[in-house]
Amino acid sequence: VKTKTLEIPEGRNKEGCSHDGKKWKTLEHKGPLFPPEYEPLPENVSFYYNGEHVQLSPATEEVATFYAKMLEHEYTTKEVFQKNFFADWREEMTDEERGLIRSLSKCDFREIHQYFLDQAEKRKAMTKEEKRQKEAQKLLTEEYSFCTLDGHREKIGNFRVEPPGLFRGRGEHPKMGKLKKRIQPEDITINCSKDSKIPAPPAGHRWKKVQHDDTVTWLVSWVENVQGSIKYIMLNPSSKLKGEKDWQKYEIARKLKLKVDAIRSEYRRDWKSREMKKRQRGVAIYFIDKLALRAGNEKEEGETADTVGCCSLRVEHITLHEQLDGLEHVVEFDFLGKDSIRYYNKVPVEKRVLKNLKLFMENKNPDDDLFDRINTTYLNKTLQDSMKGLTAKVFRTYNASTTLQDQLNRLTSSDMSVEEKILAYNRANRAVAILCNHQRAAPKTFEKSMQNLQEKIELKEKLLETAKKELKEAKNQYRQNKTDKLKKLVEQKEKVVERLKEQLKKLRLQMTDREENKVIALGTSKLNYLDPRISVAWCKKFGVPIEKIYNKTQRDKFAWAIDMTDEDFQF
DNA sequence: GTCCAGACTTGACAGCAGTGAG
DNA sequence: CTCACTGCTGTCAAGTCTGGAC
């Protein structure tokens, strides 16, 4: 039986929060799966120092293989990467090795590199027998991929412990190249219920700790050595626990929809405040609302790449223009955001905003904070006063979902073909991705695949032309000699023309879609920002199969929405 | 207030499997 | 059957936000 309104789970209030912070009653699992032990290189594969063969100790050799595997990557050409790697590698060496190996430039990993290339080649040419073995292996690991939470079998998101390797940060990360160490069972904390079957550590080992904390959702955790942060094993997005949280997130965003007008007048009032702090707050929230910027927490300098969000914007990240490209009062943004993705945007703003920004920038250096009186904690406290549960990131969710809903309403009509509807959907999705600045590297094969598509279109055009000629010819013949046979021929030729026209149209749509998608990533917004009920309702209303919009993983994650939504739902 | 640990969401991307054309 | 291309899945880094200690 499909319920139209989601039932409020037992022990939860209407926002889906547990009253007592408890996330589960029972939790049982098998613990984490460890990566395989290091296998030393065969004897005929050598490392060379200064041209001489050197037999490395297993621990040193393992770290050398991490570097050797990356030899072709741009990373290894960066000085920071090399420096970090070499320092950490030397830590792993025996005294003797450390005495000998003093300069990375004298190290020759090429033979090791080639060895791994050959191995990859071999793996590709795997026989059926080996593939069957792989399948069997998969079956063996399957039991690790599920747990039992409150009596339900649930899929786990990441049940493997991360393997050792070299840290690859994004952008200009000061820690790139550092050694990410192998995690031992002795580093691992297990979280499960008291009365459950406690997972067994590997033979000869023991866990760091076994705890029974029902106020958190993770099953396994460990501390990672590069940043000192905690890593977790948690449930898959398809799980009930994650699904409810997701639903709750969108409900809060819908609540903002009802309050947003009041909040907007409030922050506009702040623009005129006597207090500098309130003015900054007003402008920051305006940016977060209008441009879907991230909150922008402070980051530890020198520990991470230099990236910013709204509150951490610096003077150097914006340029003010009284006039630009025929527009008035324009702010030009240019900064690196999350994952060192560039945000570049020229935005016309209200006169008062520009005036305020000028004020904020007065007597400051380029590397001074633009909003020096506020931070994300203060901003979120203010937002909480306007609406319970409101934080900066809710604006991203709200604006993304609202945009999708608006765009879909505007771009779809029922007389479109399914293909046209899907193009409309993708366009709506794309508007959101642009708003949220979700970018991707242009696919490596982009130019080529566009060219292929173009050729296909040209071929179709020719076929269509020929078909049209044949149709005309057939019509002529029929006019002169009205036989049944010729009538049939005309009909047949008409059908061919029709079919070709359809195919051509489809190809052209595909081309447009792909071109417009070149550097835009749709996945992130689809997965994290767009209320799935909007898409489900749209599919139902316009007769588009849900499979055209969501793949299997996405359908699993959004099962809650697919179940509960009818075609009238509006965000 | 400020600092920091902790928990959880968000994000780009590599590598793989599946698929359809030749 | 092979090969090229695409879409999916897993990976793990990088954010947000909360709460507690001082």
> Quickly work out the Asn236(A) CG to dC8(B) C1' distance and round it to whole Å.
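Rounded to the whole Å, the gap is 15 Å.
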> At a heavy-atom distance below 4.0 Å, what parts of residues 520-532 of chain A sit against DNA chain C?
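None, since no heavy atom is under 4.0 Å.
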> Between Asn158(A) (CG) and dT9(B) (P), how many Å, whole number?
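Distance check: Asn158(A) CG to dT9(B) P gives 12 Å.
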> Distances under 3.5 Å only, N/O to N/O: pair up the protein atoms with those of nucleotides 4-8 of chain C.
residue: dC5(C); atom: OP1; partner: Lys448(A); partner atom: NZ; Å: 2.5
residue: dT6(C); atom: OP1; partner: Arg514(A); partner atom: NH1; Å: 2.8

> Mapping Arg294(A) and Lys155(A) onto DNA chain C by nearest heavy atom, which one lands closer to the 5' end?
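It is Lys155(A) whose nearest nucleotide is closer to the 5' end.
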> Whole-Å distance between dT11(C) C1' and Trp222(A) CH2?
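After rounding, the gap between these two atoms is 11 Å.
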> Would you indicate what Pro237(A) reaches in the nucleic acid, counting non-hydrogen atoms under 4.0 angstrom: base, sugar-phosphate, or nothing?
nothing
> Report the nucleotide, chosen from dG15(C), dG6(B), dT9(B), that has the shortest atom-to-atom distance to any side-chain atom of Ile230(A).
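Closest of the options to the side chain of Ile230(A): dG6(B).
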> Could you check whether Thr217(A) gets within reach of a base, just the sugar-phosphate, or nothing at all, counting any heavy atom under 4.0 Å?
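Sugar-phosphate only.
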> Nearest-Å distance, NE2 (His438(A)) to P (dG15(C))?
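One finds 13 Å between P of dG15(C) and NE2 of His438(A), rounded.
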> Tell me, please, whether Tyr425(A) has Lys548(A) positioned over its six-membered ring: NZ or CZ under 6.0 Å from the ring centre and within 45 degrees of its axis?
no
> Is any side-chain N or O of Arg168(A) closer than 4.0 Å to OP1 or OP2 of dA13(C)?
no
> Quick one: label Lys381(A) by what it contacts on the DNA or RNA (base, sugar-phosphate, nothing), any heavy atom closer than 4.0 Å.
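It contacts nothing in the nucleic acid.
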> Expressed in angstrom and rounded to an integer, what is the separation of Ile374(A) atom CD1 from dC17(C) atom P?
13 Å
> For the pair made of NZ in Lys557(A) and C1' in dG10(C), what is the distance, rounded to whole Å?
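Whole-Å distance recorded here is 14 Å.
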> Taking OP1 and OP2 of dG11(B), is either one under 4.0 Å from a side-chain nitrogen or oxygen of Gln439(A)?
no
> Under a 4.0 Å N-O cut-off, is there an ion pair linking Arg533(A) with Glu251(A)?
yes
> In whole Å, I'd like the distance from the CD atom of Glu162(A) to the C1' atom of dA13(C).
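Rounded to the whole Å, the gap is 9 Å.
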> Is Arg342(A) salt-bridged to Asp334(A), cutoff N-O under 4.0 Å?
yes
> As a test of reading the structure: which of dA7(B), dC12(C), dC17(C) is closest to the side chain of Arg170(A), going by heavy atoms?
dC12(C)
> Students often get this wrong, so: under 4.0 angstrom with heavy atoms, is Thr304(A) touching a base, only sugar-phosphate, or nothing?
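No contact.
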> In whole Å, what is the span from the CG atom of Asn375(A) to the P atom of dC17(C)?
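So the two atoms are 12 Å apart, to the nearest Å.
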> Salt-bridge test for Lys278(A) and Asp270(A): reply yes if a basic N is under 4.0 Å from a carboxylate O, no otherwise.
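Between Asp270(A) and Lys278(A) there is no salt bridge, as every charged N stays at least 4.0 Å from the carboxylate O atoms.
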> Checking side-chain polar atoms at under 3.5 Å, does Tyr115(A) have a donor or acceptor matched by the opposite partner on Thr65(A)?
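Looking only at side-chain atoms, Thr65(A) and Tyr115(A) do not form any donor-acceptor pair under 3.5 Å.
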> Between Lys249(A) and Thr377(A), just flag the one whose closest nucleotide in DNA chain B comes earlier from the 5' side.
Thr377(A)
> Using a cut-off of 4.0 Å on non-hydrogen atoms, how would the nucleic acid contact of Ala392(A) be classed: base, sugar-phosphate, or nothing?
sugar-phosphate
> Hey, is the side chain of Lys393(A) poking within less than 4.0 Å of OP1 or OP2 on dT9(B), counting only N and O atoms?
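Looking at the OP1 and OP2 atoms of dT9(B), neither is under 4.0 Å from any side-chain N or O of Lys393(A).
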> When you measure from the side-chain N and O atoms of Asn380(A) to the phosphate of dC17(C), is any distance below 4.0 Å, counting only OP1 and OP2?
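Yes, within the criterion.
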> Do the side chains of Lys381(A) and Asp385(A) get close enough for a salt bridge, i.e. N-O under 4.0 angstrom?
no
> When you measure from the centre of the six-membered ring of Phe167(A), is the NZ or CZ of Lys180(A) under 6.0 Å away and within 45° of the axis?
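Judged by the rule (NZ or CZ under 6.0 Å from the ring centre, within 45° of its axis), Lys180(A) is not positioned above Phe167(A).
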> I want to verify a distance call: between dA14(C), dC8(B), dC17(C), whose nearest atom is closest to the Tyr232(A) side chain?
dC8(B)
> So what does Lys180(A) touch, heavy atoms closer than 4.0 Å: a base, only the sugar-phosphate, or nothing?
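Sugar-phosphate, backbone atoms only, no base.
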> Of the nucleotides dA7(B), dG15(C), dA13(C), which has the atom closest to the Lys231(A) side chain?
dA13(C)
> For Lys338(A), answer base if it contacts any base atom (sugar-phosphate contacts may also be present), sugar-phosphate if it contacts only those atoms, and nothing otherwise; contact means non-hydrogen atoms under 4.0 Å.
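The answer is base, as Lys338(A) lies within the cut-off (heavy atoms under 4.0 Å) of a base atom.
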> Have a look at Arg182(A) and tell me which of Glu224(A), Glu62(A), Glu162(A) forms a salt bridge (charged side-chain N to carboxylate O under 4.0 Å, His left out) with it.
Glu62(A)
> Do Tyr144(A) and Phe159(A) pass the ring-ring contact (aromatic ring centres under 6.0 Å, His included) test, and can you show the C-alpha distance, the side-chain angles, and the key distance before you say yes or no?
CA-CA 6 Å; Tyr144(A) 283 91; Phe159(A) 51 93; 7.1 Å; no
> Counting the atoms with a prime plus P, OP1 and OP2 as sugar-phosphate, which does Glu298(A) contact under 4.0 Å by heavy atoms, base, sugar-phosphate, or nothing?
nothing
> Using the side chain to side chain contact (heavy atoms under 4.5 Å, CB included) rule, pick out the option among Val308(A), Asn375(A), Asp369(A) that qualifies with Glu298(A).
Asn375(A)
> Using the side-chain heavy atoms of Phe167(A), tell me which of these nucleotides is nearest: dA12(B), dC8(B), dA13(C).
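From the listed options, dA13(C) comes nearest.
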> So what does Gln227(A) touch, heavy atoms closer than 4.0 Å: a base, only the sugar-phosphate, or nothing?
sugar-phosphate
> Check this for me, if you would: do Arg281(A) and Glu275(A) make a salt bridge, where the nitrogen-to-carboxylate-oxygen distance has to be below 4.0 angstrom?
no
> Can you see if the side chain of Thr307(A) gets near the phosphate of dG15(C) - specifically, an N or O under 4.0 Å from OP1 or OP2?
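Checking dG15(C) against Thr307(A), a side-chain N or O does come within under 4.0 Å of OP1 or OP2.
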> For Glu186(A), does the CD atom sit with more than 12 other heavy atoms under 6.0 Å from it, leaving out its own atoms?
yes
